[in-house]
Number of protein chains: 4
Amino acid sequence: MTPSFVYRRRVHFAETDQAGIVHFSGYFRYMEEAEHALWRDRGLQIAPPGGQIGYPRVSATCDFKAPLRFDEEFEVHVRVEAVGRRSIRYGFTLQRGDAILAVGAMTSVCVTYTPGQPPKSTELPPEVVSRLR
Amino acid sequence: MTPSFVYRRRVHFAETDQAGIVHFSGYFRYMEEAEHALWRDRGLQIAPPGGQIGYPRVSATCDFKAPLRFDEEFEVHVRVEAVGRRSIRYGFTLQRGDAILAVGAMTSVCVTYTPGQPPKSTELPPEVVSRLR
Amino acid sequence: MTPSFVYRRRVHFAETDQAGIVHFSGYFRYMEEAEHALWRDRGLQIAPPGGQIGYPRVSATCDFKAPLRFDEEFEVHVRVEAVGRRSIRYGFTLQRGDAILAVGAMTSVCVTYTPGQPPKSTELPPEVVSRLR
Amino acid sequence: MTPSFVYRRRVHFAETDQAGIVHFSGYFRYMEEAEHALWRDRGLQIAPPGGQIGYPRVSATCDFKAPLRFDEEFEVHVRVEAVGRRSIRYGFTLQRGDAILAVGAMTSVCVTYTPGQPPKSTELPPEVVSRLR
């Protein structure tokens with residue numbers, strides 16, 4: 001059982017769409033914010049200034065259960081579900097009180113960025129592995 | 001074999017992030033734009049002015065294969081994979097030339113919006129069913 | 001001298017662009033978030049559920065002094081500079097510590113929204129006037 | 001009289017907010033898209049891959065005259081109003097048919113980006129000056 005980290009957030013007006021609810025693409029941004037808050041909590045920086053390493057997604061998925069509206073407060077529960085040699089898999093649950101709003105998952109890989117070249121897969125730094133596990 | 005509709009697009013600067021590539025949440029917006037272009041192509045309006053019916057997502061998923069950069073032109077191939085009584089499932093392939101950038105899927109349900117109440121599932125209008133199938 | 005309300009925020013990754021800094025359009029969103037935080041602080045709701053009244057901008061302006069980067073924490077100082085019969089003018093200063101990042105202003109008008117019609121200018125509710133002054 | 005370049009666009013669903021209209025921050029993105037389309041039209045690249053030069057805004061302003069809604073088509077007329085040694089000033093008019101939706105302006109400066117340092121003001125490349133004037 002991996003413990004989860006809880007990220008708290010309020011819906012901004014610009015995140016709503018004309019249906020009066022948060023646009024579905026916003027849920028993926030919320031999941032990313034929670035991931036980054038988890039890294040900070042573990043004393044890690046996911047994108048340090050001047051860094052050559054990055055963690056792009058190779059997959060992202062979300063099941064939407066209930067709408068979120070302007071000004072509502074909610075929580076993103078993020079769990080590190082697997083840390084491989086080159087990838088990290090996260091699970092997410094968005095909640096408002098006891099109500100489940102969405103359940104999602106994302107897998108990121110570690111890459112090096114070189115200008116003018118495609119991102120190149122590389123192994124996760126040992127410190128990242130030890131602190132996320 | 002469902003035929004696919006092709007939506008063409010160019011990457012805007014504001015869609016990139018500090019990794020120099022389109023933020024992953026942008027791929028979901030591109031898929032939605034392609035869905036809406038498909039509806040227009042079939043003579044349908046997905047959100048007519050003053051309408052009480054909407055098509056929120058119940059799931060969205062994407063596998064990311066290659067990055068997209070500022071000013072690049074690409075295509076979203078959208079296929080209607082299933083039209084049920086209350087839901088529509090789409091498949092998407094993002095391509096730049098022959099290169100596959102991403103493969104995704106989304107399922108939307110038909111709902112009625114009433115102010116102050118949760119969205120309520122309803123059957124797809126017959127015209128939507130016949131034109132999307 | 002109007003006192004200012006201070007809204008605190010951290011930069012999200014998706015708000016950066018490929019220049020490695022927050023996209024300039026994001027500053028306008030930060031200003032709006034600060035405006036809405038001010039309304040909450042005064043016990044007001046700028047967009048209550050089911051409401052017919054809104055406060056669209058008629059003008060927005062920003063002078064950009066210094067860049068903002070991922071994960072940086074900053075403040076938006078918002079001042080109510082004028083409350084007219086039908087409009088509100090705000091002034092904003094974005095700061096990180098003592099460094100001024102941007103100085104902006106926005107003017108909003110009070111309108112009623114009727115489906116299928118253009119927004120119609122109306123007088124500010126008395127409670128809004130008294131609590132913002 | 002500077003001639004204007006016309007950029008055509010359609011409103012995407014995700015650009016609307018719960019008031020049923022394009023969020024005001026979106027108008028600034030539309031202006032930027034028009035600026036970049038103008039550069040392409042003149043055979044220029046505003047952000048070539050691997051480039052060290054950028055053109056951040058030092059000011060942006062917009063007066064909003066009429067709302068834009070989902071799926072509407074509109075035009076952004078962009079004019080180069082001044083090309084200085086280190087800066088460029090643009091004027092913008094957003095129109096739908098004959099209706100003026102917004103009038104805006106932006107000033108950008110030429111900078112060099114060095115990792116870990118603040119952007120540094122520099123002179124516009126001669127080719128940019130000659131092609132934009």
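Each chain gets a letter, A, B and so on, in the order the sequences are listed, and its residues count up from 1. Computed from a prediction, not measured in an experiment: that's the story for all the values here.
Leu124(B) and Gly84(B) get closest at one heavy-atom pair: CD1-O, 3.1 Å. Residues Pro67(C) and Leu101(C) approach most closely at O-CD2, 4.0 Å, considering heavy atoms. Annotation for Ala34(C) and Val78(C): closest pair O-CG1, 3.8 Å, computed over non-hydrogen atoms. Closest of all the heavy-atom pairs between Met31(C) and Ala105(C) is SD-N, 4.4 Å.
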- [ ] Begin from the C-alpha positions of Ile88(B) and Val80(B) and carry the test side chain to side chain contact (heavy atoms under 4.5 Å, CB included) through to its verdict.
- [x] CA-CA 7 Å; Ile88(B) 308 166; Val80(B) 178; 4.2 Å; yes
Task: CA sep, side-chain torsions, deciding dist, call: Leu68(B), Phe74(B), side chain to side chain contact (heavy atoms under 4.5 Å, CB included) - done: CA-CA 8 Å; Leu68(B) 258 174; Phe74(B) 63 97; 3.8 Å; yes
Could you list each N or O donor-acceptor pair linking chain C to chain B at a distance under 3.5 Å?
from, atom 1, to, atom 2, distance (Å)
Thr16(C), OG1, Gln18(B), N, 3.1
Asp17(C), O, Gln18(B), N, 3.3
Gln18(C), N, Thr16(B), OG1, 3.0
Gln18(C), N, Asp17(B), O, 3.3

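Counting heavy-atom pairs under 4.5 Å between each of Phe70(C), Phe24(C), Phe13(C) and chain B puts Phe13(C) at the top.
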